[in-house]
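Residue numbers count from 1 along this sequence.
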Amino acid sequence: MIEQQRLSAASMETLFQRLKTGGWRIVAPRASGDTMSFSEVDSPRDMATGMIQTTLSPKSEVFPMWEELFRFRRTETGIEMTEPTAPIQPTVVFGVRPCDARSLAALHAVFTWDYQDGPYLQRRAKVVLVGMSCAEADQCCFCTSVGGGPGDVTGSDLLLTSIGDDYLVEIVSERGRELATLAGDLLGAVGDVDKAAHLADVPVRFDVDQLAKRLPRAFEQDDLWIEQSLRCLGCGACAYVCP
């Protein structure tokens with residue numbers, strides 16, 4: 001059974017400072033013009049509020065658009081190659097929606113199914129996910145259609161659910177417990193809380209089994225897919241937009 005605690009919203013600032021003092025880097029949703037993405041923050045005051053979902057997922061924290069794999073130079077005796085030596089800073093990704101947290105399992109499978117990708121695994125080992133349940137949803141939300149939910153804990157190390165002036169904190173993993181230990185006296189007893197009453201209502205929008213049967217035909221026969229494929233330049237940018 002997942003352990004539950006209570007965290008006062010007023011204590012969030014103290015929690016952030018303890019994380020930073022402990023050597024953690026914190027990234028969270030931030031607005032930049034018309035887009036909303038994850039970037040480094042120093043305080044909960046820097047976080048975007050009132051958003052349903054970010055424009056870009058926090059995927060880049062484990063799979064950046066570019067990273068240094070090695071350096072090489074020509075010497076008198078041949079080619080000298082060195083690998084990066086800068087350590088990866090432990091990172092807390094704060095405010096991840098349950099759908100994005102859940103999607104990281106699929107990404108992990110891609111990087112480990114036939115080869116253990118070293119750079120990816122090094123980054124993943126340094127990232128802790130603090131999820132945030134959804135109190136609101138829109139017409140694009142479909143988590144309940146694919147086995148998820150607005151308060152799903154899958155993929156998160158800690159999951160926070162806003163319950164008025166406090167947060168319900170669910171400790172999902174050992175990584176989450178490490179952060180809970182750091183929070184220490186900021187956490188208290190939960191009391192009588194109905195988590196479901198604080199979650200968005202996301203209706204089931206489609207039958208995933210029926211969709212799986214239709215997709216193979218749709219790629220070849222549906223005008224929408226044909227139109228989209230003709231617009232594709234093969235740049236690969238979609239790989240960084242998709243969670």
For [X] and [Y], indicate whether the former's side chain and the latter's backbone hold a donor-acceptor pair under 3.5 Å.
X      : Y      : value
Ser156 : Leu129 : no
Lys59  : Ala239 : yes
Thr144 : Gly149 : no
Ser32  : Thr35  : no
Gln116 : Thr112 : yes

Check the pair Ser60 / Met65 against side chain to side chain contact (heavy atoms under 4.5 Å, CB included), numbers first and verdict last. CA-CA 7 Å; Ser60 60; Met65 290 189 179; 5.7 Å; no
Would you call [X] and [Y] a salt bridge, taking side-chain N to carboxylate O under 4.0 Å as the test?
X      : Y      : result
Glu61  : Arg124 : no
Arg123 : Glu67  : yes
Arg25  : Glu40  : yes

State which residues pass ring pair (Phe, Tyr, Trp, His ring centres under 6.0 Å) with Phe16; sequence neighbours excluded, sorted by chain then number. Phe94
Which pairs count as side-chain hydrogen bond (donor to acceptor under 3.5 Å, both in side chains) when at least one residue sits in residues 11-23, sequence neighbours excluded?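 Found Glu13-Gln17, Glu13-Ser43, Glu13-Arg45, Arg18-Asp185, Lys20-Asp42.
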Cluster check [X], [Y]: I/L/V/M/F/W/Y, side chain < 4.5 angstrom:
X      : Y      : answer
Val62  : Val96  : yes
Tyr167 : Leu159 : no
Val128 : Tyr120 : no
Leu7   : Ile26  : yes
Val193 : Val153 : no

Kindly determine whether Leu104 and Arg102 satisfy side chain to side chain contact (heavy atoms under 4.5 Å, CB included), including the steps that lead there. CA-CA 6 Å; Leu104 281 176; Arg102 186 184 181 93; over 6 Å; no
Please tell me if the side chains of [X] and [Y] come closer than 4.5 Å, counting only heavy atoms from C-beta onward.
X      : Y      : answer
Ser37  : Thr54  : no
Pro119 : Leu69  : yes
Leu168 : Val190 : yes
Met47  : Met12  : no
Leu121 : His108 : yes
Ile226 : Leu224 : no
Arg30  : Val41  : yes
Trp24  : Gln89  : no

Exactly one candidate in Val130, Val169, Leu15, Ile171 meets side chain to side chain contact (heavy atoms under 4.5 Å, CB included) with Leu179; the answer is Val130
How long is the straight-line distance from [atom2] of [Y] back to [atom1] of [X], given to the nearest 0.5 Å?
X      : Y      : atom1 : atom2 : value
Glu227 : Cys232 : CD    : SG    : 13.0 Å
Gln5   : Leu186 : CD    : CG    : 11.0 Å
Thr55  : Phe38  : OG1   : CZ    : 10.5 Å
Glu170 : Gln4   : CD    : CD    : 5.0 Å
Asp201 : Cys141 : CG    : SG    : 11.0 Å
Gln122 : Asp117 : CD    : CG    : 9.0 Å

Minimum heavy-atom separation for [X] and [Y], please, with both atom names.
X      : Y      : result
Ser145 : Val208 : O-CB, 3.5 Å
Leu187 : Ala183 : CG-CB, 4.0 Å
Pro98  : Met132 : CD-O, 3.3 Å
Met36  : Ala48  : SD-CB, 3.2 Å
Pro150 : Cys143 : N-SG, 3.7 Å
Phe206 : Leu211 : CE1-CD2, 3.8 Å

Crowding at CD, Gln228 (>12 non-hydrogen neighbours, <6.0 Å):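 Yes, the 6.0 Å shell around CD holds more than 12 heavy atoms from other groups.
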Tell me whether Arg205 at atom CZ has more than 12 heavy atoms from other residues, nucleotides or ligands lying less than 6.0 Å away. yes
Angle between ring planes, Phe63 versus Phe111, binned at 30° and 60°: parallel, tilted or perpendicular?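 If you compare the ring of Phe63 with that of Phe111, the planes turn out perpendicular.
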Test item: side-chain donor near acceptor, Asp100 and Ser57, under 3.5 Å: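 Result is no, nothing qualifies.
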Do you see a donor-acceptor pair shorter than 3.5 Å between the side chains of Ser133 and Thr161?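 Short answer, yes.
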Take Ile163 and Arg6 through the side chain to side chain contact (heavy atoms under 4.5 Å, CB included) test and state the conclusion after the steps. CA-CA 9 Å; Ile163 51 173; Arg6 181 187 292 262; 3.7 Å; yes
Assess whether side chain to side chain contact (heavy atoms under 4.5 Å, CB included) is satisfied between Asp157 and Val172, documenting all intermediate values. CA-CA 5 Å; Asp157 297 298; Val172 185; 5.7 Å; no
Check the pair Glu83, Arg71 against salt bridge (Lys or Arg N to Asp or Glu O under 4.0 Å), reporting the backbone distance first and the verdict last. CA-CA 6 Å; Glu83 295 184 358; Arg71 296 184 180 212; over 6 Å; no
